[in-house]
Amino acid sequence: MRIGVLGTGNMADALATHWARAGHQVTVGGRDPHKAERLAQRIGGTVKAAGLRAAAEAGQVVLGALPYGAGEDVVRNLRPALEGKALIDCSNPVGPGFRLRTHGGPSAAQQLATAAPGAHVVKAFNLCHENVWRMQPPVFDGRPLAVPVCGDDEKALAQVHELVRDVGCAPLAGGSLEQAGLLEATAALFITLWVGERADVQAIAPPLAHAAGPIQQ
């Protein structure tokens with residue numbers, strides 16, 4: 001698969017490294033060509049460096065590894081290059097006090113979909129720190145990390161599910177793009193508990209067998 005990466009930060013580095021090792025053709029794009037070139041060289045293999053537009057044009061799937069607030073303007077300027085393609089949004093609109101910066105309005109993913117209406121936006125990879133995505137692979141107590149994926153286009157969802165598996169994780173159907181706001185709110189809650197309270201969020205939910213209450217004998 002040809003993958004364009006918009007951004008040269010930690011998430012771009014972590015995910016693109018997995019995908020390059022899985023044999024995908026990755027093009028890393030950034031505003032600063034020197035940063036893009038350094039990242040491509042660090043990942044190695046056949047990874048190419050380019051500008052943002054060239055990276056978007058090169059990919060069948062495009063990762064928007066961009067901070068909230070910057071991504072909307074970038075994808076708006078790249079609308080023709082993103083037409084008909086899966087556009088992965090991994091951003092978290094979380095501000096001071098671990099509060100959502102979307103203020104109850106459209107999610108970050110929905111804002112990207114509005115900015116580039118011809119793209120098929122998919123929300124994924126937003127619930128964990130970039131160092132988790134660097135793991136080879138992210139497996140805990142023998143169980144691969146599950147990655148919720150939200151989107152509306154079946155082909156785009158299938159492509160992103162494949163890329164989730166290439167990171168060593170298990171894709172989990174998270175519903176339509178309308179559900180992306182729930183993923184972003186979940187990230188805000190998790191960050192509050194992890195960082196603010198040093199709490200284990202896995203303790204919040206009972207095992208699946210007990211999801212509806214005590215098991216009836």
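Model, not experiment: these values are computed from the prediction. Positions are given from 1, in the same order as the sequence printed here.
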Could you list the cluster mates of Val62? Members are the ILVMFWY residues connected by side-chain heavy atoms closer than 4.5 Å, either directly or through other members.
Leu6, Leu52, Leu66, Val74, Val75, Leu78, Leu82, Leu87, Leu112, Val121, Leu177
Check the pair Glu72 / Arg76 against salt bridge (charged side-chain N to carboxylate O under 4.0 Å, His left out), numbers first and verdict last.
CA-CA 6 Å; Glu72 193 175 358; Arg76 183 179 292 110; 3.3 Å; yes
Scanning both residues in full, the closest heavy-atom pair of Gly84 with His120 reads O-CD2, 3.5 Å
Does His34 reach the main-chain N or O of Asp32 with its side chain, forming a donor-acceptor pair under 3.5 Å?
no
In a table with atom names and distances, give each donor-acceptor pair under 3.5 Å that connects a side chain of residues 90-97 to protein atoms at least two apart or in another chain.
from: Ser91; atom 1: OG; to: Asp89; atom 2: OD1; distance (Å): 2.8
from: Ser91; atom 1: OG; to: Asp89; atom 2: OD2; distance (Å): 3.4
from: Asn92; atom 1: OD1; to: Asn126; atom 2: ND2; distance (Å): 2.9
from: Asn92; atom 1: ND2; to: Asn126; atom 2: O; distance (Å): 2.5

Can you measure from OG1 (Thr192) to CD (Glu197) and round to the nearest 0.5 angstrom?
8.5 Å
Just by modelled atom types, is the Gly105 backbone N or O under 3.5 Å from a matching donor or acceptor in the Thr102 side chain?
no
Examine distances only and state if a side-chain atom of Gln179 and a backbone atom of Ser176 form a donor-acceptor pair shorter than 3.5 Å.
no
Tell me which pairs pass ring-ring contact (aromatic ring centres under 6.0 Å, His included) where either residue lies in residues 126-154, with sequence neighbours left out.
Phe125-Trp133
Would you tabulate the side-chain donor-acceptor contacts of residues 153-175 under 3.5 Å, counting partners in other chains and residues two or more places apart, or write 'none'?
from: Asp153; atom 1: OD2; to: Lys155; atom 2: N; distance (Å): 3.2
from: Asp153; atom 1: OD2; to: Ala156; atom 2: N; distance (Å): 2.9
from: Asp166; atom 1: OD2; to: His24; atom 2: NE2; distance (Å): 2.6

Residue list, side chain to side chain contact (heavy atoms under 4.5 Å, CB included) with Glu130, at least two apart or on another chain:
Asn10, Met11, Arg134
If I take atom CD1 from residue Ile3 and atom CD from residue Gln25, how far apart are they, to the nearest 0.5 angstrom?
9.5 Å
Could you name each residue pair satisfying ring-ring contact (aromatic ring centres under 6.0 Å, His included) that touches residues 52-93, not counting sequence neighbours?
none
If I compare all heavy atoms of Lys85 with all of Gln60, which pair ends up nearest, and what's the gap?
CB-O, 3.6 Å
Any heavy-atom pair between the side chains of Val26 and Ile43 that's under 4.5 Å?
no
